[in-house]
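For reference, the structure discussed in these notes is given below.
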Number of protein chains: 2
Amino acid sequence: MTDSYEQSARIAQALAHPIRLRILEVLRNQGAYVMHLVVALDRPQANISQHLAILREAGLVQDERDGMGVVYRVTDAGIFDVIARMQTLAVTPRAMFSLTSAAPHRQRARRCHCPRCRGE
Amino acid sequence: MTDSYEQSARIAQALAHPIRLRILEVLRNQGAYVMHLVVALDRPQANISQHLAILREAGLVQDERDGMGVVYRVTDAGIFDVIARMQTLAVTPRAMFSLTSAAPHRQRARRCHCPRCRGE
DNA sequence: TCACCTTATTCGACATTCCGAATATATTAT
DNA sequence: ATAATATATTCGGAATGTCGAATAAGGTGA
């Protein structure tokens, strides 16, 4: 029963490489054989297998042998919501806020009651 | 104009550490001084500053000096949607699918037209 | 100015990630 | 059994990430 942030961080770690994001995108609508990913992403086979292993260990994809090949599928399509929202954040220029006429509701800074913060 | 997956991967990388997720959670409702985070998370000050630098460089938080201290705030509350969805994925047991009466719509494997996939 | 408080940065050790090359394993066909 | 195809794993080196200790830098107030 590892803590919830550990688990979430593991998911984030699995998403933290452009090749792995591309793999998931290719798998978005259909399962795919490893060799298809190799060609589609134009990367060495070993490298694709290595990234697939990381996605698999994070539980984001599942593998199923089919004859000589192995088909990979996304475990939970909810992963694409995560990725889409990350893209939105990535695209949003930080300057956006300084351009809005009304400042974006500046939050009050927290003054906690711990010994260090209490003074002042 | 780096590609979109590079940018998303950078966001994921910034989220890929439990301490950084905890920092964001503390900042969820209010800005906070560094020292507050130090006490709230019970980590050395240098370590908190290091993680804050990573979040800042990813554009996920912004800093503003206030007298002796520095207040950190979340840049875009949309980050919490990303984190919440990651937690959902992390919690969902993979066995869930084998327990559902109806199999979860097994996708057909992609048979692409590239030279390697075309045969067979 | 000096002392003090808060935060940032640098440094070095250590761990982890990433990659290509090589090799191993699994399956099918002959 | 042998060959051929598809995939996985291992290994070594470069790059990157993480941490604590020490130090630097910014700001306040005597």
Side-chain angles (χ1 to χ4, degrees), chain A residues 5-6 9-23 27 31-58 61-73 109-112 114-120, chain B residues 5-6 9-23 27 31-58 61-73 109-112 114-120:
Chain A
Y5 293 109
E6 296 263 0
R10 262 190 278 276
I11 302 285
Q13 174 61 32
L15 297 177
H17 194 293
I19 293 182
R20 293 197 286 273
L21 293 178
R22 283 182 218 272
I23 287 175
L27 296 182
Y33 292 85
V34 176
M35 191 53 74
H36 175 74
L37 295 166
V38 167
V39 175
L41 303 179
D42 192 27
R43 301 284 310 163
Q45 176 266 319
N47 191 242
I48 293 292
S49 270
Q50 288 161 345
H51 283 297
L52 282 171
I54 290 171
L55 291 170
R56 176 171 12 99
E57 280 153 25
V61 302
Q62 289 176 300
D63 58 335
E64 182 200 6
R65 185 163 273 286
D66 174 28
M68 230 166 5
V70 175
V71 178
Y72 277 84
R73 296 186 175 81
R110 176 175 301 215
R111 287 288 184 185
C112 70
C114 60
R116 309 298 282 274
C117 304
R118 191 166 41 206
E120 209 286 22
Chain B
Y5 292 109
E6 294 265 0
R10 262 190 278 276
I11 302 285
Q13 174 60 35
L15 297 177
H17 194 292
I19 293 181
R20 294 196 287 271
L21 294 178
R22 282 182 218 271
I23 287 175
L27 297 181
Y33 292 85
V34 176
M35 191 52 75
H36 175 73
L37 295 166
V38 167
V39 175
L41 303 180
D42 193 27
R43 302 284 310 162
Q45 176 267 321
N47 192 243
I48 293 292
S49 271
Q50 287 160 345
H51 284 296
L52 282 170
I54 289 171
L55 291 171
R56 176 170 13 98
E57 280 153 26
V61 302
Q62 288 177 300
D63 58 336
E64 182 200 5
R65 184 164 273 285
D66 173 27
M68 231 166 2
V70 175
V71 178
Y72 276 86
R73 296 186 174 81
R110 176 174 300 214
R111 288 288 185 186
C112 70
C114 59
R116 311 297 283 275
C117 304
R118 192 164 42 205
E120 211 283 25

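To find a chain, count down the sequence lines: A is the first, B the second, and so on, and within it residues start at 1.
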Has the side chain of A:Q45 got a donor or acceptor atom sitting under 3.5 Å from an opposite partner on the base of D:dA8?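 Answer is yes: a donor-acceptor pair is held.
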
Backbone of B:G67 reached by a side-chain donor or acceptor of B:R65 within 3.5 Å: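 Side chain of B:R65 to backbone of B:G67, a donor-acceptor pair under 3.5 Å: yes, one is there.
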
Side-chain donor or acceptor of B:R43 paired with backbone N/O of B:L37 under 3.5 Å: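 No; zero donor-acceptor contacts below 3.5 Å.
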
Closest non-hydrogen atom pair, B:V61 against B:Y72: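 Closest heavy-atom pair between B:V61 and B:Y72: CG2-CD2, 3.8 Å.
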
Nearest whole Å is fine: how far is [N] [atom2] from [X] [atom1]?
| X | N | atom1 | atom2 | value |
| --- | --- | --- | --- | --- |
| B:L37 | C:dT7 | CG | P | 9 Å |
| A:M68 | C:dA26 | CE | P | 15 Å |
| B:R43 | D:dA21 | CZ | P | 11 Å |
| B:I48 | D:dA21 | CD1 | C1' | 16 Å |
| A:D63 | C:dT27 | CG | P | 12 Å |
| B:R10 | D:dG17 | CZ | P | 11 Å |
| B:E6 | D:dT16 | CD | C1' | 15 Å |
| B:E57 | C:dA8 | CD | C1' | 11 Å |

For C:dA8, does OP1 or OP2 lie under 4.0 Å from any side-chain N or O of B:Y72?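 Affirmative; the distance criterion is met.
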
Please state whether the phosphate of D:dT7, meaning OP1 or OP2, lies under 4.0 angstrom from any side-chain nitrogen or oxygen of A:R65.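 Checking A:R65 against D:dT7: no side-chain N or O falls below 4.0 Å of OP1 or OP2.
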
Among [options], the nucleotide that comes nearest once only the side chain of [X] is considered:
| X | options | answer |
| --- | --- | --- |
| B:P44 | C:dA8, C:dA21, D:dG20 | D:dG20 |
| B:S49 | D:dG20, D:dT7, C:dT7 | C:dT7 |
| A:V34 | D:dG27, D:dT7, C:dG20 | D:dT7 |

Of A:A46 and A:G69, whose nearest nucleotide on DNA chain C comes first from the 5' end?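 Taking each residue's closest nucleotide, the earlier one in sequence belongs to A:A46.
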
Could you give me the CA-CA distance, side-chain angles and deciding distance for A:N47 and A:H51, then say whether side-chain contact (heavy atoms from CB on, under 4.5 Å) is met? CA-CA 6 Å; A:N47 191 242; A:H51 283 297; 3.5 Å; yes

CG on B:D63 to CZ on B:R56, rounded to 0.5 Å: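 Between B:R56 CZ and B:D63 CG, I get 5.0 Å after rounding to 0.5 Å.
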
Rounded distance (nearest 0.5 Å) linking atom CD of B:Q50 with atom CD of B:Q45: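 Going from the CD atom of B:Q50 to the CD atom of B:Q45 covers 9.0 Å.
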
Contacts under 3.5 Å, N or O only, protein and nucleotides 15-18 of chain C:
unit_1: C:dC18; atom_1: OP2; unit_2: A:R20; atom_2: NH1; d: 3.3

Under a 4.5 Å cut-off applied to non-hydrogen side-chain atoms, are A:L52 and A:V34 in contact?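 A side-chain contact under 4.5 Å exists here.
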
